[in-house]
Enquirer: 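Attaching a single structure in structure tokens format; questions to follow.
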Amino acid sequence: MSGKHCCDKWAWRRKMLKRIFWGIVIVGSIGVATFLILRAIFKPSKPNFVLQDATVFSFAVTSPNLLTSTFQVTLCSSNPNDRMGVYYDKLAVYATYGKQQITLRTAIHPTYQGQKDTNIWSPFIYGTAVPIAPFNALSLNQDQANGAVLLTVEIDGTVRWKAGSFIYGRQHLNVRCPAYISFGNNTNGIVVGDNAVKYQLLQSCSVSA
């Protein structure tokens with residue numbers, strides 16, 4: 001193979017690589033521009049969430065700093081947009097106390113929510129002998145002795161938007177719902193079964209997306 005032929009071959013390869021690179025840049029730029037234009041036109045509003053109720057089946061702190069709990073919560077999600085639908089992807093629900101996760105994550109099946117539509121989910125969230133920080137264990141015992149515990153029910157996941165036949169965006173979704181649970185006074189809730197108490201909360205949640 002002559003030196004000239006070898007140089008021509010490498011020059012052709014460099015030329016093709018440059019074309020591929022600029023093709024990727026152009027396609028990516030078009031995608032980003034389309035996304036920004038659609039956001040500017042439709043301006044999607046974040047979904048609204050309400051924690052409707054929480055049923056407590058078990059909640060006990062044991063030594064050494066272990067928490068066992070079982071809840072069933074009812075969450076209502078509504079799409080305020082009249083021109084855009086929402087795809088909820090990989091949603092997970094769990095409870096926290098004092099910024100520490102105290103239950104396992106419970107998955108919610110991916111779902112689509114149409115314009116001005118509403119979805120209701122009633123997942124169980126639980127944890128068995130979950131290790132918690134010593135100061136949280138002390139605080140939980142004090143709160144229970146005082147008759148009420150403030151937990152936070154959280155949702156993590158991703159959302160995509162649908163405008164007509166076009167689906168775009170993939171944004172992280174975080175929902176935080178305060179849940180004020182009374183203990184030792186069942187008059188604040190509805191007894192369901194032998195040991196479970198259902199508390200009506202109707203608590204609005206903060207949403208970041």
Side-chain angles (χ1 to χ4, degrees), residues 46-79 86 88-111 113 118-159 172-209:
K46 295 180 291 187
N48 299 317
F49 282 80
V50 174
L51 176 60
Q52 294 186 333
D53 58 62
T55 302
V56 181
F57 292 88
S58 64
F59 193 89
V61 180
T62 58
S63 180
N65 306 320
L66 301 175
L67 174 63
T68 296
S69 60
T70 303
F71 307 90
Q72 184 180 23
V73 296
T74 302
L75 293 154
C76 176
S77 167
S78 59
N79 176 11
V86 185
Y88 294 97
D89 298 327
K90 299 179 182 179
L91 297 182
V93 186
Y94 56 96
T96 62
Y97 177 84
K99 297 183 180 180
Q100 180 180 7
Q101 184 174 329
I102 60 172
T103 69
L104 301 176
R105 290 172 173 251
T106 298
I108 295 178
H109 291 296
T111 186
Q113 188 175 68
T118 298
N119 290 79
I120 295 178
W121 299 298
S122 296
F124 282 87
I125 52 177
Y126 61 91
T128 301
V130 176
I132 57 175
F135 59 86
N136 276 338
L138 178 62
S139 180
L140 274 173
N141 281 324
Q142 293 174 342
D143 289 347
Q144 280 190 277
N146 292 331
V149 173
L150 178 60
L151 306 176
T152 302
V153 177
E154 296 199 34
I155 304 175
D156 271 329
T158 55
V159 294
H172 177 253
L173 175 75
N174 179 254
V175 181
R176 295 174 55 86
C177 309
Y180 196 70
I181 307 297
S182 299
F183 287 94
N185 184 3
N186 291 343
T187 59
N188 293 328
I190 302 171
V191 178
V192 290
D194 295 331
N195 298 311
V197 180
K198 183 176 184 177
Y199 298 95
Q200 298 292 335
L201 300 173
L202 297 177
Q203 179 64 56
S204 296
C205 308
S206 63
V207 181
S208 59

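Both backbone and side-chain heavy atoms feed into the values below; hydrogens, waters and symmetry mates do not.
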Enquirer: Tell me the closest heavy-atom pair linking Cys177 and Leu75, and the distance in Å.
Expert: SG-CD2, 4.0 Å

Enquirer: Start with the C-alpha distance between Asn79 and Gln113, add both sets of side-chain angles, then the distance that settles side-chain hydrogen bond (donor to acceptor under 3.5 Å, both in side chains), and finish with yes or no.
Expert: CA-CA 7 Å; Asn79 176 11; Gln113 188 175 68; 4.9 Å; no

Enquirer: Between Lys198 and Ile190 (side chain of the first, backbone of the second, donor and acceptor by atom type, cut-off under 3.5 Å), is there such a pair?
Expert: no

Enquirer: Looking only at non-hydrogen atoms, find the nearest pair between Pro178 and Leu51 and report the distance.
Expert: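 Closest approach of Pro178 to Leu51: O-CD2, 3.8 Å.
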
Enquirer: Hey, is Arg105 close enough to Asp156 for a salt bridge, meaning N to O under 4.0 Å?
Expert: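 Counted as a salt bridge, because a side-chain N and a carboxylate O are separated by less than 4.0 Å.
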
Enquirer: Judged by modelled atom types alone, do Asp53 and Thr74 share a side-chain donor-acceptor pair under 3.5 Å?
Expert: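 Yes - a donor-acceptor pair under 3.5 Å links their side chains.
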
Enquirer: In terms of relative ring orientation, are Tyr88 and Phe49 parallel, tilted or perpendicular, with 30° and 60° separating the classes?
Expert: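 Plane angle over 60°, so perpendicular.
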
Enquirer: For the residue pair Gln203 and Val50, establish whether any side-chain heavy-atom pair is separated by less than 4.5 Å.
Expert: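 Not touching, per the 4.5 Å side-chain cut-off.
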
Enquirer: What residues, two or more places apart in sequence or in another chain, satisfy ring-ring contact (aromatic ring centres under 6.0 Å, His included) together with Tyr126?
Expert: none

Enquirer: Can you find a side-chain donor-acceptor pair between Tyr94 and Gln101 that sits under 3.5 Å?
Expert: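 No, Gln101 and Tyr94 have no side-chain donor paired with an acceptor closer than 3.5 Å.
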
Enquirer: Check whether any side-chain heavy atom of Val153 sits under 4.5 Å from a side-chain heavy atom of Thr96, and report yes or no.
Expert: no

Enquirer: How would you list, by chain and number, every residue that makes a side-chain contact (heavy atoms from CB on, under 4.5 Å) with Thr106, sequence neighbours excluded?
Expert: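 side-chain contact (heavy atoms from CB on, under 4.5 Å) list for Thr106, sorted by chain: Pro123, Ile125.
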
Enquirer: Give the minimum heavy-atom separation between Tyr180 and Leu201, together with the two atoms involved.
Expert: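 Heavy-atom minimum between the residues: O-CD2, 3.7 Å.
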
Enquirer: Counting only heavy atoms not in Asn195, do more than 12 fall under 6.0 Å of its CG?
Expert: no

Enquirer: Show the nearest heavy-atom pair for residues Val61 and Ala137, with the distance to one decimal.
Expert: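 Looking at all heavy atoms of both residues, the closest pair is CG1-CB, 4.1 Å.
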
Enquirer: Search all heavy atoms of Gln52 against all heavy atoms of Cys76 and return the closest pair with its distance.
Expert: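 Minimum heavy-atom contact is NE2-CB, 3.6 Å.
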
Enquirer: Is the NE2 atom of His172 crowded by more than 12 outside heavy atoms at less than 6.0 Å?
Expert: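 Buried by this count: over 12 neighbours within 6.0 Å.
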
Enquirer: Taking atom types as modelled, is there a side-chain donor on Ser69 or Ser58 under 3.5 Å from an acceptor on the other?
Expert: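 No, because no side-chain N or O of Ser69 sits under 3.5 Å from a partner of the opposite role on Ser58.
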
Enquirer: Picking from Asn136, Thr68, Leu151, what satisfies side chain to side chain contact (heavy atoms under 4.5 Å, CB included) with Ile102?
Expert: Leu151

Enquirer: If only atom types and distance count, is the side chain of Ser78 paired as donor or acceptor with the main-chain N or O of Thr118 below 3.5 Å?
Expert: no

Enquirer: Asp89: which residues meet the salt bridge (charged side-chain N to carboxylate O under 4.0 Å, His left out) condition with it, sequence neighbours left out?
Expert: Arg160, Arg170

